[in-house]
Amino acid sequence: KNHLDPIPAPSWAYSKARDILGSLQMDRPRAMELLRSLVQEYPNDQQTLSFYANQLRQDKKYDEAAAMYNKVLAVAPDNTEALTILAVLAYARNNEKDAETLIKKAENTGKMNRNDYSRMGFLLLVENKNKEAAHYYEKAVAISPVNVDFYNLACAYAKQNQVDEAVKALGTALKTGYGSKQQIADDGDFNLIRSNEKFKALVDTLK
């Protein structure tokens, strides 16, 4: 009998936004289609546009993501997240001139903070733009010395085989409580310098 009873209606009203968040892990294509329709419903909503742009970027649909970030800027020209992520996408395409122009625009807003530089550093590290990643992580730690930024700065240096800089940054991260021997052993970003004596000596100080 229980199998024949109708399923009770939920006590809450349907929410497309809630449906999208619930579907992103379970049924991403459906979630993206719902998100696209939400953007059509709210074409000037900065938060919705930014969220969709970030999801497109995560799916490596860079052209579509860039178009969406530009829609964000049409609504909010001083949006530093949109400006800096567009810069990352430009760096990924080896278009340094456009990237630097976008960064200058972001900095001219007077709103750039540690999070903006740190986010750029991380995204550039993922894109294997290690020189640029190190540059923006340096800016991030100059504003606020956060330990995870020092760890990722060490990764960016290590991927360029800059041993002294990597060891110094990693040492700072470790002293402030971020990073473990196992984490470093599992992190492929350190492969180029793993056999270096300075690096081994630092890692050997960990339990």
Side-chain angles (χ1 to χ4, degrees), residues 53-54 57-60 62 65-66 69 78-207:
N54 279 321
R57 178 187 54 75
Q58 289 177 31
D59 287 346
K60 297 189 181 299
Y62 293 151
Y69 285 120
D78 62 347
N79 186 299
T80 56
E81 180 179 353
L83 287 164
T84 53
I85 296 181
L86 278 170
V88 169
L89 295 177
Y91 277 127
R93 297 185 177 104
N94 298 315
N95 195 336
E96 293 185 7
K97 184 177 179 181
D98 283 356
E100 290 168 4
T101 297
L102 287 159
I103 296 301
K104 186 174 182 180
K105 285 182 180 179
E107 291 176 335
N108 285 343
T109 67
K111 295 167 60 178
M112 286 282 282
N113 58 37
R114 171 256 162 193
N115 290 336
D116 290 306
Y117 290 116
S118 178
R119 180 178 57 246
M120 286 183 64
F122 178 76
L123 294 176
L124 288 163
L125 195 62
V126 171
E127 291 293 335
N128 209 34
K129 291 293 182 178
N130 304 308
K131 178 182 177 182
E132 293 83 359
H135 175 69
Y136 292 110
Y137 269 125
E138 286 167 355
K139 285 181 173 287
V141 298
I143 294 171
S144 179
V146 177
N147 52 19
V148 65
D149 287 344
F150 277 108
Y151 182 91
N152 287 329
L153 176 58
C155 291
Y157 284 138
K159 290 172 75 176
Q160 300 175 78
N161 204 21
Q162 294 179 248
V163 179
D164 290 342
E165 293 87 346
V167 168
K168 181 180 178 181
L170 182 59
T172 302
L174 295 172
K175 285 177 185 176
T176 52
Y178 188 88
S180 67
K181 194 168 188 176
Q182 189 60 53
Q183 179 182 0
I184 294 166
D186 293 340
D187 195 333
D189 287 349
F190 294 111
N191 285 348
L192 280 179
I193 67 169
R194 206 172 292 283
S195 62
N196 181 271
E197 293 302 323
K198 292 180 180 179
F199 178 78
K200 289 196 293 184
L202 174 62
V203 175
D204 286 343
T205 64
L206 302 173
K207 294 181 180 180

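Only heavy atoms go into these numbers, but all of them, side chains included; no hydrogens, no water, no symmetry mates.
Annotation: the span from Q58 atom CD to N54 atom CG amounts to 6.5 Å, rounded to 0.5 Å. A distance of 8.0 Å separates CZ in R119 from CG in N113, rounded to the nearest 0.5 Å. Distance CD/E138 to CD1/I143: 12.5 Å, rounded to 0.5 Å. To the nearest 0.5 angstrom, L86 atom CG is 12.0 Å from T101 atom OG1. For the atom pair L89 CG and I85 CD1, the distance stands at 7.5 Å (nearest 0.5 Å). Rounded to the nearest 0.5 angstrom, L192 CG and Q162 CD are separated by 11.0 Å.
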side-chain contact (heavy atoms from CB on, under 4.5 Å) evaluation trace for Y91 with L123: CA-CA 10 Å; Y91 277 127; L123 294 176; over 6 Å; no

side-chain hydrogen bond (donor to acceptor under 3.5 Å, both in side chains) evaluation trace for D186 with Q182: CA-CA 6 Å; D186 293 340; Q182 189 60 53; 3.0 Å; yes

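Between G171 and L202 the shortest heavy-atom distance is N-CD2, 3.8 Å. Contact record, A173 with N147: CB-O, 3.6 Å, taken as the closest heavy-atom pair. Nearest heavy atom pair, residue I103 against residue A87, reads CD1-CB, 3.5 Å. The two atoms that bring A140 and R114 nearest to each other are O-CG, 3.6 Å, heavy atoms only. Across all non-hydrogen atoms, the minimal contact from C155 to D187 is SG-OD2, 3.7 Å. L83 approaches A106 most closely through the heavy-atom pair CD1-CA, 3.7 Å.
We find that E107 and K104 are not joined by a salt bridge, their nearest charged nitrogen and carboxylate oxygen being 4.0 Å or further apart.
Atom NZ of K175 has 12 or fewer neighbouring heavy atoms from other residues, nucleotides or ligands inside a 6.0 Å radius.
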Between side-chain atoms of residues 125-132 and protein atoms elsewhere (two or more places apart, or another chain), which donor-acceptor pairs fall under 3.5 Å?
| unit_1 | atom_1 | unit_2 | atom_2 | d |
| --- | --- | --- | --- | --- |
| E127 | OE2 | Y62 | OH | 2.4 |
| N128 | OD1 | N130 | ND2 | 3.0 |
| N128 | OD1 | K159 | NZ | 3.1 |
| K129 | NZ | N94 | OD1 | 2.3 |
| N130 | OD1 | K159 | NZ | 3.2 |

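Applying the ring pair (Phe, Tyr, Trp, His ring centres under 6.0 Å) test to pairs two or more places apart or on separate chains, those with a residue in residues 130-164 are Y151-Y178, Y151-F190. Sorted by first and then second residue, the pairs that involve residues 81-94 and meet salt bridge (charged side-chain N to carboxylate O under 4.0 Å, His left out), not counting sequence neighbours, are D63-R93.
Proximity of a side-chain donor or acceptor of T176 to a complementary backbone N or O of T172 within less than 3.5 Å is detected.
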